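Chain letters run A, B, ... following the sequence lines, proteins first and then strands; every chain starts at 1. Fair warning: this is a prediction, and the values are worked out from it, not measured in the lab.
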Amino acid sequence: MDIINIIQEEVTTTIKVLYGFDVNPNDLIINVTKKEFEGDYTLVTFPFTKLAKKAPQVIAQEIGEVITKNNKYFLSFNVIKGFLNVTISDDYWKQFLNDIIANKDYGKSTFHGKKALVEFSSPNTNKPLHLGHIRNILLGWSTSQILEAAGYEVVKVQIINDRGIAICKSMIAWEKFGNNATPSDMNMKSDHFVGHWYVTFEKKFQEEYKIWQSSPEAKKYLEEKNVKEENIDAFFKKDKNNYFNNFSKIGAEAKEMLRAWEAGDEKVRSLWQKMNNWVYEGFDVTYDNLGVSFDKLYYESNTYLLGKDIIENGLKDKIFYKKEDGSVWIDLEDAKLDHKLVLRSDGTSVYMTQDIGTAHQRYENHQSEKMIYVVADEQNYHFQALFAILQKLGEPYAKGLHHLSYGMVNLPSGRMKSREGTVVDADDLMQEVINEAKKASQAIGSISDMPEEEQELIFKQIGLAALKFFIIKVNPVRSMIFDPSESLDLQGQTGPSIQYAAVRVKSAIRKAGEKYNSESSNEYSNIQKSEKEVLLTLHQFPTIIREAAENYNPSDIANYCYTLAKAYNKFWASGLSMLNAESDEAGAFRLKMSAATLQVLTLGMQLLGIEIPERM
RNA sequence: GGCUUCGUAGCUUAACUGGAUAGAGCACCUGACUACGGAUCAGGAGGUUGCAGGUUCGAAUCCUGCCGAGGUCACCA
């Protein structure tokens, strides 16, 4: 049984006996004792002063005396103000180590049969993935892993935004300027190829816009809009969308293509198919390199009409209302939101309509209690509204919806802007960190004896560990500044330094071989401070996983892994030898503790999508 | 402007959800490989937790008001 539970139980009954009142065991405040004090766990006794009518230090003293007498696991205690510091006996810790080693799933919860669906990535198909997607994908992936470790059956999905004006822009540009070129003709990764035509479209559009700005038509337009001479530049900058919709030739072509697509025009559909397939081919490579996959793909082209029937029904039930112009709305003021449009006056759907439909469809497909949307915080309001609507519709899954919102990734120079060419490409970035890992590794030379292929694999594992850890360690709610040079760091609070701690253990275990009889670890006495710190940290693992799952927060796992690696490194350097231990018991114990650390680090990092190499 | 999220060392960040002297990493300075892998460890310097009030045994954390930064307020997605 878990020592925290034991403390809770003993303290609860002791309080009842000594002072005659009940406390909820879960309300007790029990922390790991701070390093500067003696003890393993600390009970805070301030909250009991009123009911016990005694000073906190008196309560602590009294409780301490009773529980150390009653339970063999409590070796000793000391009291400082309202803090009762309890030292746990070595017997408990030795048993604890045996338990970890015996249970390869230590830290995970047992499967409880509930299902969680996690949506992440969900890119547009007009250009390649970038740094923003990487944060999204890493959060989605690790959240999925964490939920699974917390006992859920997890379905990983993405909805691919494969239709709309954006992809039409790529298509038009390719058709007009592409001369039927293929990605291999231009020696480009196929999603980058499609992105290239998207950029081309924007460039041509801008050129056209620029020329138009000095045309008679533009002059008339400016007069109509009453724009003053000195504001013209700013006006044109802001008015881009109006130009696109009302004047642009190339814009009209793109819009016409979208219409043709919606009408099912065969030529357009086949070009669309071709472009999208190029993009998917490229995405697959990126996903594969990142080490992520999905269980089910949804395509917007199949789902964008969903939801209309739900709106119709809801209209009958008076959940929605119709305005005179025929548009349909919902009043969300009681949810502290405003009125939201759900159908346009011409009867076509908006984003919200589609999302209502897909949520419904997904529940029908998977019956998942939880549905998690990993989407950047710029859409906070949208998801609040969506969830409120589904609530009003009485959807059975409405209470299990969660928006895993995360902050934008900014560069030291500010926000990424495609127009300014500051978007950090996902493929480039991965390549860069892998190269950096390679350089660093070759400088050390510790794996230079290995076959080149194996080395390359390890460089990749290290580089990706650096990138992934750098991003995941930040709490999702915070927007983060991504400094490329810092992400290449392999030392300090980084993925590679955690890998390194684990790799050293592997090396030591290999060398130890059969040197010690594992059973004799039970005879070890006098666990040292640096050993205890590792044990206490190992002990937190199941709680950390549970909390990370509850809070949908992978950064908890990342920070935990670092804490554990750090505690272990400290032990490693403490002078307590494993291979040349003072006794068989000590060696066996330390080896077992190291193996347990390796096991936990491996699982913890796996939850983040990070692998531990054999050597590095 | 309304709503909303965030403000912690020069920089990137943590704090078990109200607990002890706010903990790390980077950068800077000083040390440690004839011990199991130095991508490490030991130590130094660096903080009025944006500001001002309040709540209480106790506040980075909760409340109020300011200040600053992001996001959002489309018949776009």
Does A:Tyr351 make a side-chain N or O approach to OP1 or OP2 of B:A77 shorter than 4.0 Å?
no

Mind checking the C1' distance from B:U17 to B:A22? Whole angstroms is fine.
16 Å

Within the 4.0 Å heavy-atom criterion, would you say A:Asn85 contacts the bases, only the backbone, or no part of the nucleic acid?
base

Closer to the 5' end of RNA chain B via nearest nucleotide, is it A:Gln540 or A:Pro496?
A:Gln540

A:Lys439/A:Glu436 ion pair, N-O < 4.0 Å
yes

Within the structure, does a side-chain N or O atom of A:Trp572 lie under 4.0 Å from either OP1 or OP2 of B:A35?
no

Greater than 12 external heavy atoms within 6.0 Å of A:Glu262's CD:
yes

Checking base pairs now: Watson-Crick or wobble, both atom distances under 3.5 Å. What partners B:G19?
B:C57

Within the stacking criterion (centroid distance below 5.5 Å, interplanar angle below 30°), does A:Phe46 stack on B:G19?
yes

Residues A:Arg415 and A:Glu378 bridged, charged N to O under 4.0 Å
yes

Have a look at A:Ile4 and say if it touches a base, only the backbone sugar-phosphate, or nothing, with a 4.0 Å heavy-atom cut-off.
nothing

Rounded to whole angstrom, note down the C1' distance from B:U61 over to B:U55.
13 Å

For B:U49 versus B:G10, give the span between their P atoms, rounded off to a whole number of Å.
12 Å

Is the distance from the ring center of A:Phe205 to that of A:Phe244 below 6.0 Å?
yes

Could you tell me how far apart A:Ile458 (CD1) and B:G37 (C1') are, to the nearest whole angstrom?
14 Å

Does the pair A:Glu582/A:Arg590 count as a salt bridge with the N-to-O cut at 4.0 Å?
yes

Salt bridge between A:Glu454 and A:Arg615, side-chain N to carboxylate O under 4.0 Å?
no

Is the distance between the ring centroids of A:Trp272 and A:Tyr299 under 6.0 Å?
no

Among B:U72, B:U40, B:C36, which nucleotide sits nearest the side chain of A:Ser497?
B:U40

A:Glu333 CD - B:C3 C1' separation (whole Å)
13 Å

Using a 4.0 Å heavy-atom cut-off across all strands, classify A:Asp377 as base, sugar-phosphate, or nothing.
sugar-phosphate

Would you classify A:Pro47 as touching base, sugar-phosphate or nothing, given that sugar-phosphate means primed atoms plus P, OP1 and OP2, and contacts are heavy atoms under 4.0 Å?
base

Using only modelled atom types and a 3.5 angstrom limit, is any donor from either the side chain of A:Asp483 or the base of B:U12 paired with an acceptor on the other?
no

Quick one: label A:Leu337 by what it contacts on the DNA or RNA (base, sugar-phosphate, nothing), any heavy atom closer than 4.0 Å.
nothing

Separation of B:C16 atom C1' from A:Asp2 atom CG, nearest Å, is 14 Å

Between B:C3 and B:U64, how far apart are the P atoms? Round to whole Å, please.
12 Å

Ring-face cation of A:Lys323 near A:Trp329 (centre distance under 6.0 Å, axis angle within 45°)
yes

Which of these nucleotides, B:U72, B:C36, B:U13, is closest to any side-chain atom of A:Leu579?
B:C36

Each nucleotide in nucleotides 24-34 of chain B should get exactly one letter: B, S or -. Can you fill that in based on protein heavy atoms under 4.0 Å?
SSS--------

Would you measure the distance from the P atom in B:C66 across to the matching atom in B:A27 and give it in whole Å?
42 Å

Looking at every strand, decide which applies to A:Thr543 at a 4.0 Å heavy-atom threshold: base, sugar-phosphate, or nothing.
nothing

Could you check whether A:Val350 gets within reach of a base, just the sugar-phosphate, or nothing at all, counting any heavy atom under 4.0 Å?
sugar-phosphate

Options B:G37, B:A14, B:U72, nucleotide nearest the side-chain atoms of A:Met616
B:G37

Under 5.5 Å between ring centres and under 30° between planes: true for A:Phe83 and the base of B:G19?
no

Just to be sure I understand the rule, does A:Gln499 reach a base, reach only the sugar-phosphate, or reach nothing, if contact means heavy atoms closer than 4.0 Å?
nothing

From NZ of A:Lys506 across to C1' of B:A39 the rounded distance in Å is 16 Å

Watson-Crick or G-U wobble partner for B:C51, using a 3.5 Å limit on both distances?
B:G65

Please state how far atom CG in A:Asp338 lies from atom P in B:U4, giving the value in whole angstrom units.
13 Å

Would you call A:Arg510 and A:Glu614 a salt bridge, using N to O less than 4.0 angstrom?
yes

Under 4.0 Å, heavy atoms only, any strand: does A:Ile481 hit a base, just the sugar-phosphate, or nothing?
sugar-phosphate

Whether A:Arg504 contacts B:G38 is assessed here as follows: a side-chain N or O lying under 4.0 Å from the phosphate OP1 or OP2. Is that the case?
yes

Atom CE of A:Met480 to atom P of B:C11: distance rounded to whole Å?
16 Å

Test the A:Arg504-A:Trp572 pair against the cation-pi criterion, namely NZ or CZ under 6.0 angstrom from the six-membered ring centroid and within 45° of the ring axis.
yes

Choose from B:C36, B:A20, B:G37 the nucleotide whose nearest atom is closest to any side-chain atom of A:Met578.
B:C36

Pairing partner of B:U30, by Watson-Crick or G-U wobble and under 3.5 Å for both distances, is B:A42

Mind checking A:Ser577 for me? I need base, sugar-phosphate or nothing, with any heavy atom below 4.0 Å counting as a touch.
base

Name the nucleic acid region contacted by A:Glu300, choosing base, sugar-phosphate or nothing; use a 4.0 angstrom heavy-atom cut-off, strictly under.
sugar-phosphate

Over all strands shown, is A:Arg415 touching base, sugar-phosphate only, or nothing at heavy-atom distances under 4.0 angstrom?
sugar-phosphate

B:G1 - base-pair partner by Watson-Crick or wobble geometry, distances under 3.5 Å
B:C73

Could you measure between the two C1' atoms, the one in B:G37 and the one in B:G23, and give it in whole Å?
28 Å

If you measure from the C1' atom in B:G7 to the same atom in B:U13, how many Å do you get, rounded?
13 Å

Side-chain N or O of A:Lys81 closer than 4.0 Å to phosphate OP1/OP2 of B:G58:
no

Is it the case that the base of B:G70 and the side chain of A:Ser479 share a donor-acceptor contact (distance under 3.5 Å, atom types as modelled)?
no

With the side chain defined as heavy atoms from C-beta on, A:Arg478 is closest, among B:U21, B:G7, B:C16, to B:G7

Between B:G70 atom C1' and A:Glu378 atom CD, what is the distance in whole Å?
11 Å

When you look at NZ of A:Lys322, are more than 12 heavy atoms from neighbouring residues, nucleotides or ligands closer to it than 6.0 Å?
no

If you find the nucleotide of RNA chain B closest to A:Val44 and the one closest to A:Val503, which residue's nucleotide is nearer the 5' end?
A:Val44

Atom CD1 of A:Ile30 to atom C1' of B:G18: distance rounded to whole Å?
16 Å

Validate the cation-pi geometry between A:Arg135 and A:Tyr406: distance from NZ or CZ to the six-membered ring centre under 6.0 Å, angle to the ring axis within 45°.
no

Just N and O in the side chain of A:Asn569: are any of them under 4.0 Å from OP1 or OP2 of B:C41?
yes

Using a 4.0 Å heavy-atom cut-off, does A:Asn551 contact any base of the nucleic acid, only the sugar-phosphate backbone, or nothing at all?
base

